[in-house]
Amino acid sequence: MALIETRNCTVRYSSGTPFEKEALSDVSVCIEEGEFVGVIGHTGSGKSSFVQLLNGLLKPDSGTVLLDGRDIWEQPKDIRRVRFEVGMVFQYPEYQLFEETVYKDIAFGPQNMGLSDEEIRERVHTAAKWVGLKPELLAKSPFELSGGEKRRAAIAGVMAMRPRVLILDEPTAGLDPRGRDMILNRIRAYQQEFHTTVLLVSHSMEDIARVADRVLVLNRGSAAMLEPTETLFSHVTQLESMGLSVPAVTRILLKLRERGVAVPDHVYTVEDAARVLLPLLKGGDIHVG
Ligand SMILES: Nc1ncnc2c1ncn2[C@@H]1O[C@H](COP(=O)(O)OP(=O)(O)O)[C@@H](O)[C@H]1O
Ligand SMILES: [Mg+2]
């Protein structure tokens, strides 16, 4: 059984007004326990609406959202429990830090869950470690942190709730490449340690390709593809027709393959490309000049 499933879900904003907008149309997707799923699509394709369906922040206008095979809206008063199990890090979460200290901000979620002070302490420290925040930062005001540190504190706040499903909506938006790599690596390491099911929303193919096992492509409110990352780039033409660009290094390696050079078709980072290409250059399989 899938851990999370959407069955024929449709979401409309401003229903019944001249501004009515169908953000998701008949979306049916199954996500298994322990998977790392990347959610990608052009701006306005419905990524945020889709993930908000999964923790009950949005209610589908039609269709069903299932967690462990149970309709999450069966007992509307249980939706709070769903939000503990399906944790959400919103886009630009640093704007939601509001406590006097970083510690209190990270502790906010676990506190709502009614855990003991001792348990909360342990969770705050562990979560801070996972996102790479030094313990001495916990006593500071969140306003004293750098942009990247604030972002990491916000992610730690959701990790500290130990949700079964961790959803991150554009967690690298606005960060420089170092901040981006740091956050992606931490999230990936966390997922591997706890076997948490992770959904990571991004409009960057590079980000998604580095961390996700499978990729959900949304296009104009529809689920256009749900594909293992390794085979995603065999659909270059289709992806480009949806306004999604394939990473530049992947494109170069695909071109080499077309010309008969034996390189793998799932290389997404410059580091991996170097690892694949250097021996070929040295061995004379590829001629430069
Ligand atoms: N609160 C809202 N009110 C009206 N329209 C909205 C609202 N939120 C999103 N939309 C519209 O729904 C569509 C999908 O939006 P969204 O889920 O935010 O996409 P994405 O996260 O991929 O950019 C877009 O056309 C967007 O303009
Ligand atoms: Mg969005």
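Start at 1 and go down the list; that is how both ligands and their atoms are numbered.
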Decide whether an N or O pair under 3.5 Å exists between Lys47 and ligand 1. yes
For atom 25 (O) of ligand 1, the protein heavy atom that lies nearest, with its residue and separation: Lys21 CE, 3.0 Å
the protein heavy atom lying closest to atom 16 (P) of ligand 1 turns out to be Ser49 OG, 3.7 Å
Side-chain donor-acceptor pair present, Asn219, Ser45, cut-off under 3.5 Å: no
Kindly indicate whether atom 6 (C) of ligand 1 is approached by any protein heavy atom to under 4.0 angstrom. yes
Heavy-atom distance from atom 20 (P) of ligand 1 to the protein below 4.0 Å? yes
Phe98 ring center near Phe108 ring center (under 6.0 Å): yes
To which protein heavy atom is atom 9 (C) of ligand 1 closest, and what is the distance rounded to 0.1 Å? Tyr13 CE1, 3.3 Å
If only side-chain N and O atoms count, and only distance matters, is there a donor-acceptor pair under 3.5 Å linking Thr10 with Asp26? no
Taking side chain as C-beta onward, heavy atoms only, is Met242 less than 4.5 Å from Met225? yes
Ile167-Val158 co-clustered via ILVMFWY side chain contacts under 4.5 Å: no
Would one find an N or O of Ala23, backbone or side chain, under 3.5 Å from an N or O of ligand 1? no
Does any N or O atom in Ser14 lie less than 3.5 angstrom from one in ligand 1, N or O only? no
Metal check, the Mg ion (ligand 2) vs Ser49 N/O/S, cut-off below 2.8 Å: no
So, 4.0 Å and heavy atoms of Gly41: is ligand 1 close enough to count as a contact? no
Does any N or O of ligand 1 fall below 3.5 Å from an N or O anywhere on Gly44, backbone included? yes
Return yes if some donor-acceptor pair links the side-chain N/O of Asn8 with the main-chain N/O of Gly63 below 3.5 Å, else return no. no
Is atom NE2 of His235 surrounded by more than 12 heavy atoms (other residues, nucleotides or ligands) closer than 6.0 Å? yes
Looking only at protein heavy atoms, which one is nearest to atom 18 (O) of ligand 1, and how far off is it? Ser48 CB, 3.8 Å
Is Glu240 salt-bridged to Arg251, going by a charged N under 4.0 Å from an acidic O? yes
Heavy-atom donor-acceptor pair, Arg214 side chain to Gly38 backbone, under 3.5 Å: no
Does His42 come within less than 4.0 Å of ligand 1, judged by its heavy atoms? yes
